[in-house]
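Everything on this sheet refers to the single structure shown next.
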Amino acid sequence: MRLNFFAVAVLLVLPISTLAAPAKSSLGPLITRCTTKGTFAMTFDDGPFDPTNIDLSPNPTQYTVKLVQMLNKYNVTATFFVNGDNYVNILDKKYRAAVKFAYDSGHQIASHTWDHKDLAKLSTKAVKEEMTKLEPAFKTIIGKVPRYMRPPYGSINDEANAVITSLGYRIIIWTFDSEDCDHPTDVKKDMANYQANLKGLKAASTHGFIALEHDVYKDTALVFAEQAVKYVQSLGYKMVSVAECLGDKGHEYRA
Ligand SMILES: [Zn+2]
């Protein structure tokens, strides 16, 4: 009898606790791969960056700008998850120029939060600030606000997800990590990660990939990225933005 009573009590309580939990529909999916077969989205986080100076001339010294010029040469569209104030302040005139240059070249600009905090450790109010503080900067630089974001460290919980989703963002993680932040000067190791993840996978035979790298490292921006592009293209993948690889081209931004 006692057991039955307990079972009934649990059944009575269950709907109440279900109602109290955050509604599943308020959480956005954590996107880790391209839905369009044969596509490959290179993504570059934490930038823009330049340890010396910004130079938009034909022979620039700037990491992000040089990287963009290389991508353009290979007809690759990439996605840049930029911070407001991480390595540099995005509102600094010279860094604004770098982001604008990437945008004007057709690359997708997305949010990586204002200053790269772990969103899973913040209050919901602070998570909202991490997103909304960057929005006016995007408005100033490219005239619109991204609809795509990546949480720093790929770290997010349901509370942060609900806030970010309610602000209209799609949340992008990655299929695999080049791990360039673990070995920023070892291009061979970066390439080994690419090869380990793509070995034997011709574009026609699999889903698409979202790969993680960082344009704040000299070797990534000036050496590794080009090797990776050549390798991925040799397998037959079409290298496109995250939005395009998800069949969402044209919806990268809101006004
Ligand atoms: Zn990051």
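What you see is a predicted model; the values in this text were computed from it and never measured. We count ligands from 1, going down the list as the structure has it; atoms in each ligand are counted the same way.
- Ring pair F40/Y194 is tilted by interplanar angle, where 30° to 60° counts as tilted.
- Summary: OD1 is the N/O/S atom of D46 found nearest to the Zn ion (ligand 1).
- For the residue pair Y253 and R147, no side-chain donor N or O sits within less than 3.5 Å of a side-chain acceptor on the partner.
- Atom NE2 is the N, O or S atom of H116 at the shortest distance from the Zn ion (ligand 1).
- Nearest to the Zn ion (ligand 1), among the N, O or S atoms that H112 has, is NE2.
- N193 and S178 are not linked by any side-chain donor-acceptor pair at a separation below 3.5 angstrom, with hydrogens and angles left out of the test.
- Not one N, O or S atom of H214 sits under 2.8 Å from the Zn ion (ligand 1).
- Seen from the ring of F81, R150 counts as a face-on cation partner, given the 6.0 Å and 45° thresholds.
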